[in-house]
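Heads up: the structure comes next, in structure tokens.
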Amino acid sequence: FLNLLSHSHPLPLPPGPFNVPIITALVWLRKSFSELEPILRNLHAKHGPIFALRFRSHPRVFIADRNLAHHALIQNGAACSDRPKADATSKIFNRNQHNISSASYGPTWRLFRRNLTSEILHPSRVKSFSRARKWVLEILLRRLQSESVSGKSILVVDHFQYAMFCLLVLMCFGDKLDEKQIKEIEVAQRRILLNLDKFIILNFFPRIGKVLFRKRWNELFQMKREQEEVLVPLIRARKKANEERKLAQEGDEFVLSYVDTLLDLQLPEDKRKLDEGEMVSLCSEFLNAGTDTTSTALQWVMANLVKYPHVQERILEEIKGVMDNRDENEVKEEDLHKLQYLKAVILEGLRRHPPGHFVLPHAVTEDVVLNGYVVPKNGILNFMVAEMGWDPNVWEEPMAFKPERFLNENNSNGVGEVFDITGSREIKMMPFGAGRRMCPASGLALLHLEYFVANLVWKFEWKTKEGCDVDLSEQQVFTVVMKNPLEAHVSPRF
Ligand code: HEM
């Protein structure tokens, strides 16, 4: 409160609702994120494209306008790319902000992020995991095939989630793991994700809470221990295998995994290697960041293909055009670049149904002026991703599913110009964020989506459950998922 009273900048803070110290904080902090989104939408309608909530020492500023987002994230990128201080419960899982998404904007974050992008997400490295992708695709197709035999419709959400999780586990711990090991990791990771909400209360009174909520703190530590019991042996096994491989000097079959790249990293500030806890935090981030986001997007895209059979048909025709042989079993990764309509469908899915309606919170490291208002140093910024993708000033009929909008049919070869998903020149939508904290894995996520959608359409015809229409209502559960998960009739095409 005193911080806000001492506001000394000549420009005002962004407008926002009236604030009664402490009372407003208690009202806001008790709300879940899904309750907050409609309130934020109303505030956007009332106060305009930038508004602030002032219930804690530092204002929370929300931006709903794409040009202001560009101004903050690209033009003022250096000042708007920090993260807020982690609260007590998050620190246990991110090891005092020692992972990419929570690290402060500085040398440690740069080291972690550069390691991921150059060692794992570089196109040549991504290619080295193609065998893993093929294996996971086969598992998914087999599961769908066996359920389709009964003739009943299939609830696909768990199958999609498991497939995306498998992909990331194999990239993280090496492509030699079997399904039983993968399941064990999934159980430990899911338990944490699904229970985190229960522990939010521990952050409000961390000191007295240690005594008052002792049982709940113990539960939290127990979950952390169980995660380490599953992940640490995998890290150690990989370390041992690396040492043996170096001694034996063989390497032809070897595929570098994410955990291998962490073993030799040196922390720039502490001048030491990562401890096992920090490696667990980075691996866990890798698995979580890429599973629900991608499987949610996959489900939204498939739901639209079931709802709009003409879109599904056009993808199928496009695939037929690039297959040498109609009986070919698989749409190969090498052929994906020829499937421009498929790419447009994926982009339209991400525009219309971004898995996250906001980005992760950004902290501001110096006063930044946006639209005549000041966002003060240490203020927290967030961006209304869904609102930008649905802006009628940018997108015609924004709530309709029209992949053609991403194709520039007037081009001489009928192929659309590549849409710039990074928003570096201009932001039209930002499902992966934009600027220095933008998702480093947007390329990998698009590859996973294109490869799986192409093959799911090539192998099966997807139809609605008899007598039902596909319901596109939303619900926030970590990502923004389908309130009524997709249930579809899936019949093999050959
Ligand atoms: C459709 C899939 C995905 C979507 C929609 C998505 C979206 C996002 C968004 C919105 C952010 C926050 C940007 C910000 O704070 O400004 C983010 C950050 C991040 N994502 Fe993704 N993501 C996806 C897939 C992945 C995958 C597959 C991985 C890893 C293998 C990944 C790793 C990360 C990491 C490490 C960050 C933190 C970046 C930083 O703070 O520097 N994401 N993602």
Side-chain angles (χ1 to χ4, degrees), residues 63 69-70 72-74 77 80-84 86 94 97-106 108-117 119-122 125-126 129 132-133 160-161 163-172 257-259 261 281-301 346-347 349-364 380-386 388-389 421-423 427 429-453 478-481:
I63 290 178
H70 192 269
L73 291 171
I74 309 289
C80 297
S81 298
D82 203 8
R83 295 285 188 215
N94 61 33
Q97 305 192 238
H98 272 158
N99 66 12
I100 307 173
S101 50
S102 68
S104 303
Y105 183 61
T108 302
W109 165 77
R110 213 163 279 121
L111 173 85
F112 288 159
R113 185 163 167 127
R114 197 178 303 134
N115 174 63
L116 173 66
T117 50
E119 296 292 338
I120 295 296
L121 301 174
H122 186 272
R125 279 285 155 68
V126 168
F129 294 105
R133 282 187 286 276
F160 287 178
Q161 206 169 60
M164 295 306 118
F165 188 73
C166 283
L167 288 176
L168 290 159
V169 169
L170 298 176
M171 292 180 79
C172 190
S257 71
Y258 185 45
V259 79
T261 70
S281 150
L282 283 154
C283 292
S284 167
E285 169 188 64
F286 184 84
L287 303 176
N288 289 345
T291 300
D292 283 27
T293 44
T294 319
S295 63
T296 299
L298 180 60
Q299 191 186 190
W300 281 117
V301 169
I346 306 291
L347 288 173
L350 289 167
R351 180 196 69 79
R352 178 63 188 80
H353 307 282
H357 283 198
F358 296 87
V359 298
L360 302 172
H362 287 231
V364 172
I380 314 266
L381 264 183
N382 212 318
F383 300 84
M384 300 184 76
V385 171
M388 287 181 218
I421 196 82
T422 68
I427 293 176
M429 64 176 191
M430 43 179 278
F432 294 104
R436 299 169 197 216
R437 285 285 186 164
M438 181 187 164
C439 179
S442 58
L444 178 74
L446 291 172
L447 168 68
H448 286 171
L449 289 169
E450 289 169 17
Y451 181 63
F452 278 81
V453 172
F478 186 51
T479 52
V480 178
V481 297

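Order of appearance sets the numbers: ligands from 1, and atoms from 1 within every ligand. The figures here come from the full heavy-atom set of this structure, side chains too, leaving out hydrogens, waters and symmetry mates. Since we're looking at a predicted model, the values are computed, not measured.
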Query raised in the report: Side chain or backbone of Thr296 under 4.0 Å from ligand 1, or both, or neither, by non-hydrogen atoms?
Result: neither

Query raised in the report: In terms of atom number and element, which parts of ligand 1 are under 4.0 angstrom from non-hydrogen atoms of Leu168?
Result: 30 (C)

Query raised in the report: What protein heavy atom sits nearest atom 25 (C) of ligand 1, and how far off is it?
Result: Ala289 O, 3.5 Å

Query raised in the report: So which heavy atom in the protein is nearest atom 23 (C) of ligand 1, and how far is it from that ligand atom?
Result: Thr293 OG1, 3.6 Å

Query raised in the report: Taking all non-hydrogen atoms of both residues, which atom of Thr293 and which atom of Pro355 are closest, and how far apart?
Result: O-CG, 3.5 Å

Query raised in the report: How close does the nearest protein non-hydrogen atom get to atom 13 (C) of ligand 1, and which residue and atom is it?
Result: Arg437 O, 3.3 Å

Query raised in the report: What residue and heavy atom of the protein are closest to atom 43 (N) of ligand 1, and at what distance?
Result: Cys439 CB, 3.1 Å

Query raised in the report: Would you say Met171 touches ligand 1, if touching means a heavy atom closer than 4.0 Å?
Result: no

Report summary line: The protein heavy atom nearest to atom 6 (C) of ligand 1 is Phe432 CD2, 3.6 Å

Query raised in the report: Under 3.5 Å, N or O to N or O, is His362 touching ligand 1 that way?
Result: yes

Query - Any N/O pair Arg83/ligand 1 closer than 3.5 Å - result: yes

Query raised in the report: Is there a nitrogen or oxygen of Trp109 sitting under 3.5 Å from a nitrogen or oxygen of ligand 1?
Result: yes

Requested in this report: Give a yes-or-no answer on whether the side chains of Thr291 and Gln161 include a donor-acceptor pair shorter than 3.5 Å.
Outcome: no

**Report entry** Pair Asp292-Thr479, side-chain donor/acceptor within less than 3.5 Å
**Finding:** no

Report task. Give a yes or no on whether the backbone of Ser281 and the side-chain of Ser284 come within a donor-acceptor separation of less than 3.5 Å. Result -> no

Report summary line: Residue, atom and distance of the protein heavy atom nearest atom 27 (C) of ligand 1 read Gly290 CA, 3.3 Å

**Report entry** Cation-pi, Tyr105 ring and Arg110 (6.0 angstrom, 45 degrees)
**Finding:** yes

Query - Criterion side-chain contact (heavy atoms from CB on, under 4.5 Å) on Thr294 and Phe165, from CA distance to verdict - result: CA-CA 9 Å; Thr294 319; Phe165 188 73; over 6 Å; no

Query raised in the report: Looking only at heavy atoms, is any part of Met430 under 4.0 Å from ligand 1, and if so is it the side chain, the backbone, or both, or is it neither?
Result: neither

Query raised in the report: So Phe286 and Tyr258, would you call those rings parallel, tilted or perpendicular, with 30° and 60° as cut-offs?
Result: parallel

Query raised in the report: Is the His353 ring parallel, tilted or perpendicular to the Trp300 ring (thresholds 30°, 60°)?
Result: parallel

Requested in this report: Just do the side-chain contact (heavy atoms from CB on, under 4.5 Å) check on Ile120 and Met171 with the steps written out, would you?
Outcome: CA-CA 8 Å; Ile120 295 296; Met171 292 180 79; 3.9 Å; yes

Requested in this report: Report the part of Ala441 (side chain from C-beta onward, or backbone N, CA, C, O) that has a heavy atom under 4.0 Å from ligand 1; answer both or neither where that applies.
Outcome: side chain

Query raised in the report: Under a 4.0 Å heavy-atom limit, does Arg113 contact ligand 1 with its side chain, its backbone, both, or neither?
Result: side chain

Query raised in the report: When you measure from atom 30 (C) of ligand 1 to every protein heavy atom, which one gives the shortest distance, and what is it?
Result: Phe286 CE1, 3.6 Å

Query raised in the report: Nearest to atom 34 (C) of ligand 1, what protein heavy atom do you find, and at what distance?
Result: Pro440 CD, 3.5 Å

Query raised in the report: Arg83 side chain to Pro361 main-chain N or O, any donor-acceptor pair under 3.5 Å?
Result: yes

Query raised in the report: Side-chain donor-acceptor pair under 3.5 Å between Ser102 and Asn99, yes or no?
Result: yes

Report task. Considering the heavy atoms of Pro431, write down every atom of ligand 1 situated less than 4.0 Å from one of them. Result -> 5 (C), 7 (C), 10 (C)

